[in-house]
Amino acid sequence: MQNTNNKLLCCYRDAFDELYVVETIVKMTISSCQEREFNGQYYDIPVKNIPLLSAERNNYLNMLTLLSERVNNIMNLNLLMEKEIMLLEQNADNSR
């Protein structure tokens, strides 16, 4: 049982590390988009197109924010799994 728990913990940690990288990339992208929008970087496009670009950025920011929230939820679920695996391991040790 302990070998199985160790494998589960290794998989959990690898998955958590990957999720952390994804979360970091999403947050960096959100920050970059927000910075461009807040600083009014519109790449010398015609004034009539600025609202379109701004709306597009805001849509992307909304989608990225939702993605960030979902990744964070998955990370929290992974933390709960880790605790459960640790409890299983402790219970197995105590029953010996």
Student check: side-chain heavy atoms of L88 and E84 closer than 4.5 Å | no
Got T29 and V26 here, is their nearest side-chain heavy-atom distance under 4.5 Å?
-> no
Residue pair Y12, K7: steps toward the side chain to side chain contact (heavy atoms under 4.5 Å, CB included) verdict | CA-CA 8 Å; Y12 151 77; K7 286 180 183 178; over 6 Å; no
N76: side chain to side chain contact (heavy atoms under 4.5 Å, CB included) partners, not counting sequence neighbours | N72, L79
With sequence neighbours left out, write down each residue that passes side chain to side chain contact (heavy atoms under 4.5 Å, CB included) with R13, or none if nothing qualifies.
-> L9, E82
Separation between [atom1] of [X] and [atom2] of [Y], rounded to the nearest 0.5 Å:
| X | Y | atom1 | atom2 | answer |
| --- | --- | --- | --- | --- |
| M28 | I25 | CE | CD1 | 7.5 Å |
| C33 | N59 | SG | CG | 11.5 Å |
| Q90 | I85 | CD | CD1 | 12.5 Å |
| D44 | N49 | CG | CG | 12.5 Å |

Verify, without hydrogens or angle tests, whether N58 (side chain) and S54 (backbone) share a donor-acceptor contact under 3.5 angstrom.
-> yes
Do [X] and [Y] land in one hydrophobic cluster if side-chain heavy atoms of ILVMFWY residues count as linked below 4.5 Å?
| X | Y | answer |
| --- | --- | --- |
| L53 | I50 | yes |
| L80 | M75 | no |
| V71 | M81 | no |

Quick one: list whatever passes ring pair (Phe, Tyr, Trp, His ring centres under 6.0 Å) with Y20, sequence neighbours left out.
-> none
Determine which pairs satisfy salt bridge (Lys or Arg N to Asp or Glu O under 4.0 Å) with at least one residue from residues 15-27, sequence neighbours left out, and list them in order.
-> E23-K27
Of all heavy-atom pairs linking T65 and I30, the shortest is N-CD1, 3.9 Å
Applying salt bridge (charged side-chain N to carboxylate O under 4.0 Å, His left out), name anything that partners E37, two or more places apart in sequence or on another chain.
-> R57
Please name all residues satisfying side chain to side chain donor-acceptor pair (under 3.5 Å) with E56, sequence neighbours left out, ordered by chain then number.
-> Y60
